[in-house]
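Working notes, structure below.
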Protein chains: 2
Amino acid sequence: MGKVTLHDVAKAAGVSIATASWAINDNKNVRIPENTRRKVRKVADRLGYHSNAFARSLARGRSDLIGFVSDGVATSPFAGQVIQGAQDEAWRNGKILLVVDTDGNKTIERKAFAFMLEHQVEGLIYSSWVHRAITPPVELDRTASVLVNCFDEFGRFPAVVPNEVQGGRAATELLIRAGHRRIAFVNEPTISPASVGRLEGYRLALSAGGIEYQPTMVIDATADQEGGYGAVDAVLATGATAVFCHNDRTAMGLYDALRERGLRVPDDLSVVGFDNQEVISAHLHPALTTVGLPQYDLGVLGVRSLLALNESVHGDGDAADGVAVAGGDKGVEGIGDEPRHYDPLLVACPAVMRDSIRARGVTATRVVSLG
Amino acid sequence: MGKVTLHDVAKAAGVSIATASWAINDNKNVRIPENTRRKVRKVADRLGYHSNAFARSLARGRSDLIGFVSDGVATSPFAGQVIQGAQDEAWRNGKILLVVDTDGNKTIERKAFAFMLEHQVEGLIYSSWVHRAITPPVELDRTASVLVNCFDEFGRFPAVVPNEVQGGRAATELLIRAGHRRIAFVNEPTISPASVGRLEGYRLALSAGGIEYQPTMVIDATADQEGGYGAVDAVLATGATAVFCHNDRTAMGLYDALRERGLRVPDDLSVVGFDNQEVISAHLHPALTTVGLPQYDLGVLGVRSLLALNESVHGDGDAADGVAVAGGDKGVEGIGDEPRHYDPLLVACPAVMRDSIRARGVTATRVVSLG
DNA sequence: TTGAAAGCGCTAACAA
DNA sequence: TTGTTAGCGCTTTCAA
């Protein structure tokens, strides 16, 4: 094991334990001559020395750890990206992510929090697999915490979530710009930030494009292949020339159903999805134009918000240096006074152009590379 | 923060610090009267006490941490399951998983290992996104290590991998049992454990079924939708009534191409995939019969092997109690003597029956619920 | 520039 | 049954 201690290194290098410590870490309060330092360093890795993080953190009173608890993000297709973003941003700041996926299991969640707290994390990121409102676990109150891909109703914690409205609008506008005016929307019937937000975006786009919103153009269907498959007749019945699907899976199902009817995308119907679930969207025939979820950014911004939060507490005066804390900065002051309120930080969903939209009529400006 | 220390608890409860420690942990060498214990416990969580893991580990000389380093498993669709399995098994043994996804980046990998080693992990699990041979990073020599979904050529480390041969055989046998005799195999042209193993399984099944192997029935295609899509003519040219696709993505592409030619699965062609990539296989029309990768088990067996490894070193005599250490137990003895050799532990790939196989001819035994 | 030494919070002998 | 105390390995004053 890592039996080599700083003591061993110091002895082998013929210096004191303190000097060894200084030589290895670049302590700025102490000037160690270059050659002592080199000597110590050389001895250290000849001996295979690895500093003991426990002893270090104990002495320093700082762990450099950030806890990341998710309710299943690791098993979802959107998983990795969020974690990856968080990890990268953490590393960039000299912090390390402790990740636990609770898979939605409350017992595991309890244990996970206990573990994180015992390991002196400097903050907690609580992330949900699906964008939704949550009731924050009590443990979040024990340390700095931020919510990712979820939010609490009362805005007690900073939250970072995808901008569903803008996304829905972007998707619809892709179609409008291509000249479509009869645009159906296959939406998930459940009330959720996604279904509500995307619908609002759809309506906004329509209205901005001077197109009247017709409730009959909105078709309910479960947000998966089966839903899309089953929605085909309803979609065709609307006489739409284009359809915005709640997500890529829905679009995939619709593709299948369309093909069985001898109809082609995009010639007979233009389609746009949502999520940019690569395994699907990039490999459909034709490849699906869609709107991506900003997973990586959610991770990055989650960590960034957390660091800003700590900054604003520990820092000397100047908090959150331009970092994207909840829109409007309210709450960054008033430490420990009345409860602060955070508005969720909305992260844009980028359009991903592929081949499932057909330009139509003269209205088509901006449309260049479409067949 | 977790400013409450054991000292505080002890004082508040009017006992010594040692008694407090004993009351909180259930130390078996000491008998604490039930009411002192209860009192201490109550005070502890009134104060919101959380033991400091660093101090504890430092004093105990044990971290209860297991490092899990993967080269991108968290961003792959197969991700979560492996980690989930590992995490569950770790927890079951009072250990906790420290997960880092390096995304294939060697710099991050270095840092990740350093981090793990500094945090005194009791062992390392090194996992690959795709089943393959690897050159073990040197850090693996610094502590007990096992490989998951990958292996080193020289068997220097215990490895846990999917049984590709058995999987390929299972897939093919599904078709043979349904009465097919002309079975094509769309395989990935690259040399890999998967392509080689599945092909071998295919041949084994054929031979066991009394069917002659014909190289012309094996079609090369990249292992994705595009590959499957492009392979359709070659497949049809073989006159096959059934086809085994290297993976589900290939099958998905083939489905598309087939449909464009007005052909139907399984009526015109039976199809079986591999990987059981749920987003795809479960939602194709018809749902795809396939062979699953045993991801969860890989995770479980990975940590189990690791624990067995440590057991066999630290344990008193009786090592690896029936635990699945490399086939044949060689190497469990001979600590520190000549280098031991571990054969990879092969984990079975389960068949997942769905609707893409059509029973054919009289040979069909065992086939019950097929249309 | 360097060393000695006092903790960081906890566990586990050893005493009482 | 309980308390005292010596570390665990490292950082960081304070002296030299």
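By convention in this document, chain letters (A, B, ...) are assigned in the order of the sequence lines, proteins followed by strands, and residues within each chain are numbered from 1.
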Passing option when A/V43 is tested against A/L47, A/V40, A/D45 for side chain to side chain contact (heavy atoms under 4.5 Å, CB included): A/L47
Flag side-chain contact, heavy atom, 4.5 Å: A/R156 against A/Y342: no
Any side-chain heavy-atom pair of A/E34 and A/R38 under 4.5 Å: yes
Trace of the salt bridge (Lys or Arg N to Asp or Glu O under 4.0 Å) decision for B/R41 with B/D26: CA-CA 11 Å; B/R41 289 250 171 112; B/D26 294 285; 3.3 Å; yes
Residues within residues 34-42 of chain B bordering DNA chain C, heavy-atom distance below 4.0 Å: none
Span of DNA chain C, from the first to the last nucleotide whose atoms fall under 4.0 Å of chain A heavy atoms: C/dT1 to C/dG9
DNA chain D: 5'-proximal contact among B/P33 and B/L58 (nearest heavy atom): B/P33
Main-chain N/O of A/C150 paired with A/S128 side-chain donor or acceptor, under 3.5 Å: no
Base-contact (B) and sugar-phosphate-only (S) positions in nucleotides 10-16 of chain D, heavy-atom cut-off under 4.0 Å, - elsewhere: BSBB---
Whole-Å gap separating P (D/dG9) and CG (A/D8): 9 Å
Student check: side-chain heavy atoms of A/V69 and A/E139 closer than 4.5 Å: no
Non-hydrogen side-chain atoms of A/L307 and A/K95 separated by less than 4.5 Å: yes
Min side-chain heavy-atom separation A/L65-B/F115 under 4.5 Å: yes
Side chains of B/V82 and B/Y296 in contact at under 4.5 Å (non-hydrogen atoms): no
Partner of B/Y126 under side chain to side chain contact (heavy atoms under 4.5 Å, CB included), chosen from B/T102, B/V148, B/I134, B/N149: B/I134
